[in-house]
Chemist: 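Let me begin by handing over the structure; questions about it come next.
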Amino acid sequence: MKHNTIVILTAAAAALALCGCQRDSLIPADSSIRYEVSIADIATKGTLVNNNDNNDYSDIALVSALSPFYVAAYNGTSPVFTTSSLDPANVETVKYTSGSWTMQNTYFWPQSTVLKFFAYGNLPEDENTSVEITYAGQTLTHAMLSDVADQKDILLGYYQGRGVNGSTAKIRFQHPLTSVFFKVGDMEDEVITSITLSGLGASGTVTMDTDGIIGDWDVDDYNAKSSQSDDEGLDVDETTNVIGDPFILIPQDLATNKVKLKVKYLSGITLETTIGSGEWKSQRTNWYTL
């Protein structure tokens with residue numbers, strides 16, 4: 001990955017493979033749901049399953065193998081998963097159990113029918129973040145969490161296909177949020193104890209449409225603050241010079257919204273500046289060198 005100081009860089013998107021099906025008495029049992037998981041490399045926080053024959057795990061992943069993701073499927077305008085009568089989106093939970101991703105209930109591919117799948121995962125445990133799904137797509141509502149440690153790289157996924165000869169539904173997960181990393185330059189013996197961003201997009205909504213395309217964010221306001229700190233100094237990766245954890249934020253135009261950066265040092269020095277140009281886009285990693 002190439003990058004320049006104070007320049008936004010492109011990050012890889014993630015992909016997750018999922019099998020999906022609906023119960024149908026005319027379909028043999030070997031056409032029931034099966035799951036695979038594959039993830040494209042991306043430098044962000046979290047633990048995701050790495051796709052290999054040994055079911056090994058890698059730190060370059062976004063969803064823990066121990067954490068479920070959630071999926072809804074539609075046959076035209078009709079939901080495929082109808083067992084959860086209290087859930088209008090008919091969403092099923094997919095868990096990693098005994099070496100494979102499975103649902104509690106079994107579904108089968110309808111004959112000669114194209115199904116559309118929508119999925120999401122890695123939502124923060126916060127009542128102000130939710131996903132609503134219909135046959136026309138899914139909408140994410142998200143309020144940014146101020147503590148960097150609580151922020152997660154939310155995933156939205158999509159697949160459209162036909163179940164033929166036990167084929168799988170390979171859901172490709174995308175990143176509706178953006179990530180901001182900081183690196184340290186030549187600082188001699190200076191130790192950074194906190195990094196704070198203010199004037200951030202506080203909350204908003206974004207939609208993945210019926211073709212699996214993530215649209216533009218509708219941001220409510222820009223009054224949020226996000227920070228990370230450690231009285232003894234934030235950790236610095238000796239190989240990459242990345243300091244602390246990445247900020248996982250709502251995408252926003254920095255030319256319109258002037259984000260302020262404050263850095264505090266163990267020596268007592270505080271430095272402030274404005275990040276007033278560029279754009280933090282969804283599915284992108286943004287690098288800045290201090």
Side-chain angles (χ1 to χ4, degrees), residues 8-14 42 44-46 62-63 69-72 88-89 91 118-158 171-182 195-228 245-262 274-288:
I8 295 174
L9 298 182
T10 304
I42 184 169
T44 188
K45 66 180 177 182
L62 300 171
V63 176
F69 63 88
Y70 306 90
V71 62
V91 175
F118 297 98
Y120 62 91
N122 217 29
L123 266 63
E125 297 179 1
D126 180 80
E127 61 184 7
N128 295 315
T129 296
S130 61
V131 176
E132 294 185 3
I133 303 178
T134 70
Y135 68 91
Q138 56 183 329
T139 299
L140 166 66
T141 300
H142 177 57
M144 191 204 73
L145 301 177
S146 59
D147 192 336
V148 172
D150 295 331
Q151 296 169 355
K152 291 188 176 182
D153 191 354
I154 298 170
L155 297 177
L156 297 180
Y158 171 83
I171 293 184
R172 180 177 183 269
F173 276 92
Q174 303 177 61
H175 312 275
L177 299 177
T178 191
S179 62
V180 177
F181 285 78
F182 289 94
I195 302 174
T196 301
L197 294 172
S198 59
L200 297 168
S203 59
T205 59
V206 69
T207 298
M208 171 180 278
D209 67 19
T210 188
D211 294 318
I213 299 173
I214 295 177
D216 295 329
W217 275 84
D218 181 9
V219 183
D220 294 335
D221 51 56
Y222 294 93
N223 62 4
K225 180 184 293 185
S226 179
S227 64
Q228 54 184 313
D245 293 320
F247 291 76
I248 307 296
L249 307 173
I250 293 174
Q252 51 205 277
D253 186 349
L254 300 176
T256 302
N257 175 39
K258 307 297 184 182
V259 173
K260 294 186 180 300
L261 167 67
K262 179 186 289 186
T274 298
I275 306 176
S277 63
E279 182 179 1
W280 291 342
K281 298 181 179 181
S282 63
Q283 305 187 69
R284 297 293 187 269
T285 297
N286 312 285
W287 297 89
Y288 295 89

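All of these numbers come straight from a predicted model, not from anything done at the bench.
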Chemist: Heavy-atom distance under 4.5 Å between the side chains of H142 and P124, does that happen here?
Modeler: yes

Chemist: Just by distance, with hydrogens left out, do S179 and D153 show a side-chain donor and acceptor under 3.5 Å apart?
Modeler: no

Chemist: Check whether Q174 reaches the backbone of I213 with its side chain - one donor and one acceptor, N or O, closer than 3.5 Å.
Modeler: no

Chemist: So do F247 and Q151 actually touch side chain to side chain, heavy atoms under 4.5 Å?
Modeler: yes

Chemist: Hey, are the side chains of W280 and L249 touching, using non-hydrogen atoms and a 4.5 Å cut-off?
Modeler: yes

Chemist: Are Y120 and I133 side-chain neighbours, meaning at least one heavy-atom pair lies under 4.5 Å?
Modeler: yes

Chemist: Report the C-alpha distance between Q138 and Y158 in whole Å, list the side-chain angles of each, state the deciding distance to 0.1 Å, and finish with yes or no for side-chain contact (heavy atoms from CB on, under 4.5 Å).
Modeler: CA-CA 10 Å; Q138 56 183 329; Y158 171 83; 5.8 Å; no

Chemist: More than 12 heavy atoms of other residues, nucleotides or ligands under 6.0 Å from CG of D216: is that the case?
Modeler: no

Chemist: Are the side chains of L197 and I275 in touch, meaning some heavy atoms are under 4.5 Å apart?
Modeler: yes

Chemist: Report the C-alpha distance between V259 and Q252 in whole Å, list the side-chain angles of each, state the deciding distance to 0.1 Å, and finish with yes or no for side-chain contact (heavy atoms from CB on, under 4.5 Å).
Modeler: CA-CA 10 Å; V259 173; Q252 51 205 277; 4.0 Å; yes

Chemist: Do other residues, nucleotides or ligands put more than 12 heavy atoms under 6.0 Å from the NZ atom of K225?
Modeler: no

Chemist: When T139 is tested against each of T207, D218, D209 for side-chain hydrogen bond (donor to acceptor under 3.5 Å, both in side chains), which residue passes?
Modeler: T207

Chemist: Would you say Y222 has more than 12 foreign heavy atoms packed within less than 6.0 Å of its OH?
Modeler: yes

Chemist: Can you classify the ring geometry of W287 versus F181 as parallel (below 30°), tilted (30 to 60°) or perpendicular (above 60°)?
Modeler: parallel

